[in-house]
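Just so you know, these numbers use all the heavy atoms, side chains as well, and skip hydrogens, waters and symmetry mates. Order of the sequence lines sets the chain letters (A, B, ...), proteins ahead of strands, with each chain counted from 1. All figures in this text were calculated on a predicted structure; none of them were measured in a lab.
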Protein chains: 2
Amino acid sequence: MNPVNVLIIDDEEDMRNLVQMYLENSGFHCVHASDGAEGLKKMQEQDFDLVILDIMMPFEDGFAVCSKIRTLSQVPIILLSAKGEEWDKVRGLQLGGDDYIVKPFSPGELVARIHALLRRTSVIKNEEDAITLGKINIDKKGRKVHVEGENVPLTLKEFELLVFLVEHRGQALSREQLLEFVWGMDYHGSLRTVDTHIKTLRMKLGTGDYIQTIWGVGYKFEVPAT
Amino acid sequence: MNPVNVLIIDDEEDMRNLVQMYLENSGFHCVHASDGAEGLKKMQEQDFDLVILDIMMPFEDGFAVCSKIRTLSQVPIILLSAKGEEWDKVRGLQLGGDDYIVKPFSPGELVARIHALLRRTSVIKNEEDAITLGKINIDKKGRKVHVEGENVPLTLKEFELLVFLVEHRGQALSREQLLEFVWGMDYHGSLRTVDTHIKTLRMKLGTGDYIQTIWGVGYKFEVPAT
DNA sequence: CTAATTTGTGATAATTCTATGAAATTGAAA
DNA sequence: TTTCAATTTCATAGAATTATCACAAATTAG
């Protein structure tokens, strides 16, 4: 899963940081620009999946920047403005803005709009919240796992390990890989730790042989042939 | 899950059949109309979850039909057009269309847009005034909560926290998320604050175990299985 | 078959996280 | 300003989770 790159163009540093904080919490990667010229320069250096553009800026306003961006790229643009007038909205959309948010906005609204826009422009890969594999059902948002309809409580690490295995099902994963991705790259504990958690996972998932040992390599999740 | 009913209004029979084929493959149920008048008639006979409306039609164009539908209902509308001009897009959206697809479109795009739109509008529909979950009844407009018919006075933060949890029921929410969305994006207080309010909420909601602790993650609202 | 290597297991120590009550602070109403 | 409820912070006990170790079991190679 590659990150979604967002370019934030706003003259106010506080607003840039605020937006960045929200987006990064939602898994986006952000780059700043304090005016249109800088923004356009960054766009030539790097590809972005989304631009968030303030309308009210000194020197060159957002409408002008929006038009210029459109001559370069079809990247989705979200316009920010303190003005709520319909006139501005229409003008922004006519100039190629894809959506329009009026300040002050809630973090939820911003993120929801971004997701909707990316979905519309089909940048984002539709990540599933729930998945069923054999007798196992995993609800990622709800952090619940059911086996044959029965709720099976998993601890934090067990759940994360299972999700990682499932998201890479069919692949043999080394203990080092599992430690790196599930525990974190800064973790340098014993490889035995993985074994222990695999053990309890196997136990909790019941008979089904979902997690296979690849001798000398590591582990692999696979739905056994019926 | 009851089927999603879609009304397709298009003068070209081929296009109606094509769209129908796409949608029925994705589990939607379709009804046809060949012009605006017929479409409006069908809407009076039956409730639809979505309308797909062609803009280019003889007699009465899609914009006119869109406006008329809006006088009847807030049903989500997707506009279809062969014209890609921005002007149309803006006009359609102003007239109450919820999304806009330019022909020719791929089946995948159509279905993805429909799903996105239904998701978006169900969020809006979600802003109901009152909701009952288990023994709990929440009156958002009146800012009142009843448990087993008994009025339970909640303070401001308690109420907002409960509403947010309820609107995201089934999802594990981190303390950071709760602080951001309930307390506001500029709030940077202690995470323990959340714990405290969860505690009083649990106490006031009585036995029922609605708010679960997701160890290492945060909290989750869920109506316990009976 | 035997030795070498890798993996599984259970117990326990160490760590991390949460619940809780009380104190401190804030804020709104009187 | 005073008062009082609401909100936030803080400290800590206790609960839950996790890491590690030692050894048993299993697998592979020679």
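C/dT7 atom P lies 11 Å from atom CD1 of A/I198, rounded to whole Å. If you measure from atom CD1 of B/I214 to atom P of C/dT18, you get 10 Å, rounded to the nearest angstrom.
The CD atom of A/Q171 sits 10.0 Å away from the NZ atom of A/K220 when rounded to the nearest 0.5 Å.
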Steps toward side chain to side chain contact (heavy atoms under 4.5 Å, CB included) verdict (B/R169, B/I131): CA-CA 12 Å; B/R169 72 196 93 113; B/I131 186 170; 2.8 Å; yes
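Applying the ring pair (Phe, Tyr, Trp, His ring centres under 6.0 Å) test to B/Y210 and every residue at least two apart in sequence or in another chain returns B/F221. Residues that satisfy the side-chain hydrogen bond (donor to acceptor under 3.5 Å, both in side chains) test with B/E158, not counting sequence neighbours, are B/T155, B/T200, B/K204.
Comparing the start and finish of the helix from C/dC1-D/dG30 to C/dA30-D/dT1, five pairs each, the helix axis swings through 40°, to the nearest 10 degrees.
Side chain to side chain, A/T213 and A/R202 meet the donor-acceptor criterion of an N or O pair below 3.5 Å.
When the shell of 6.0 Å around CD of A/E148 is examined, it contains 12 or fewer heavy atoms from other residues, nucleotides or ligands.
Heavy atoms of A/T213 sit under 4.0 angstrom from primed sugar atoms or phosphate atoms, though from no base atom.
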Considering only nitrogen or oxygen atoms on both sides, find all protein atoms under 3.5 Å from nucleotides 21-30 of chain C and state each distance.
from	atom 1	to	atom 2	distance (Å)
C/dG21	OP2	B/K199	NZ	3.3

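Distance alone, capped at 3.5 Å, is enough to place a donor-acceptor pair between the A/E38 side chain and the A/S34 backbone.
Shown for residues 153-161 of chain A: residues whose heavy atoms fall under 4.0 angstrom of DNA chain D, namely A/T155, A/L156, A/K157.
Along DNA chain D, the stretch of nucleotides lying under 4.0 Å from any heavy atom of chain A spans, 5' to 3', D/dT17 to D/dT28.
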